Amino acid sequence: MPIWFYYDGTNIIVTTPKDTRKAKNLQNNPNVSIVIDVVEGKPGDLSFLNGKAVIIEGKVEIRDEIDDNSFARKTYERYVGKAALDNPFVQFSVNMPRYMLVIRPARIISWDFNKIPPLE
């Protein structure tokens, strides 16, 4: 599923409400994989294949969100801007009881289709 994330230089950090299926699944199995991709071009032609991606596999550490869900607020601000924090839906979401999911990478796979020479 699509998620918003933060990379701290070592770990991938994600926030999720405590009562989600995601949180329950991770409590039962801490093994995770995450794909971060950037796709350029248009789906209707081959330029769509000009993309980059990284697959990160690792284990997650589940932590209680602290400081009035400040990490969730920072994540919303990063993706939709500070003004969005005034939106009632955003306030409702941010104020839900949350976990911080700290993903410690164990294996990283990446590719960049822009580096493949053109076919002749």
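Only a predicted model underlies this, so the values are computations on that prediction, with no experimental measurement involved.
- Hydrophobic clustering of Ile, Leu, Val, Met, Phe, Trp and Tyr side chains at less than 4.5 Å, counting indirect connections, keeps I13 apart from I62.
- The side-chain contact (heavy atoms from CB on, under 4.5 Å) test applied to P30 returns V60, not counting sequence neighbours.
- A single hydrophobic cluster is seen to contain both V90 and Y79, as judged by linkage of ILVMFWY side chains at heavy-atom distances under 4.5 Å, directly or through other members.
- With contacts defined as side-chain heavy-atom distances shorter than 4.5 Å, the pair L85/E77 qualifies.
- A single hydrophobic cluster is not seen to contain both M96 and F71; linkage of ILVMFWY side chains at heavy-atom distances under 4.5 Å, directly or through other members, places them apart.
- When the side chains of ILVMFWY residues are joined at heavy-atom separations under 4.5 Å, either directly or via intervening members, V14 and M100 end up in two distinct hydrophobic clusters.
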Yes or no on salt bridge (charged side-chain N to carboxylate O under 4.0 Å, His left out) for E65 and R98, after CA distance, side-chain angles and deciding distance? CA-CA 5 Å; E65 171 71 284; R98 292 182 164 275; over 6 Å; no

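- Applying the side-chain contact (heavy atoms from CB on, under 4.5 Å) rule to K52 yields the partners D112, N114; only residues at least two apart in sequence or on another chain are considered.
- Side-chain contact between I109 and V54: absent, with no pair of heavy atoms (C-beta onward) separated by less than 4.5 Å.
- Applying the salt bridge (Lys or Arg N to Asp or Glu O under 4.0 Å) test to every pair with at least one member in residues 87-97, sequence neighbours left out, gives no pairs at all.
- For D64, the salt bridge (Lys or Arg N to Asp or Glu O under 4.0 Å) partners at least two apart in sequence or on another chain are K18.
- Residues passing the side-chain hydrogen bond (donor to acceptor under 3.5 Å, both in side chains) test with N29 are N31, sequence neighbours excluded.
- The heavy-atom pair separating A53 from D37 by the smallest distance is CB-CB, 3.8 Å.
- Shortest non-hydrogen contact noted between D19 and K24 is O-NZ, 3.7 Å.
- Scored by the side-chain contact (heavy atoms from CB on, under 4.5 Å) test, K74 finds no partners at all (sequence neighbours excluded).
- Between T10 and P105, the shortest heavy-atom contact is O-CD, 3.4 Å.
- Closest approach of D8 and N11 over heavy atoms only: OD1-N, 2.5 Å.
- Looking at heavy atoms from C-beta onward, I12 lies in side-chain contact with I34 at the 4.5 angstrom threshold.
- With sequence neighbours left out, the salt bridge (Lys or Arg N to Asp or Glu O under 4.0 Å) criterion links R21 to no other residue.
- Residues in residues 86-109 take part in no ring-ring contact (aromatic ring centres under 6.0 Å, His included) pair, two or more places apart or across chains.
- Applying the side-chain contact (heavy atoms from CB on, under 4.5 Å) criterion to V80, with sequence neighbours excluded, gives W4, Y76, A84.
- Taking T75 as the reference, nothing meets the side-chain hydrogen bond (donor to acceptor under 3.5 Å, both in side chains) condition, with sequence neighbours excluded.
- Residues I56 and Y7 are members of one and the same hydrophobic cluster, defined by side-chain heavy-atom contacts under 4.5 angstrom among Ile, Leu, Val, Met, Phe, Trp and Tyr.
- Here the NZ-CZ distance, from K59 to R104, works out to 12.5 Å after rounding to the nearest 0.5 Å.
- Considering only heavy atoms from C-beta on, N28 stays 4.5 Å or farther from L26 through its side chain.
- Evaluation of the side-chain hydrogen bond (donor to acceptor under 3.5 Å, both in side chains) rule for R73 yields N95 as partners, not counting sequence neighbours.
- Judged as a side-chain hydrogen bond (donor to acceptor under 3.5 Å, both in side chains), and not counting sequence neighbours, the contacts of R63 are E61.
- In this structure, P17 and A23 approach most closely via the heavy-atom pair O-CB, 4.0 Å.
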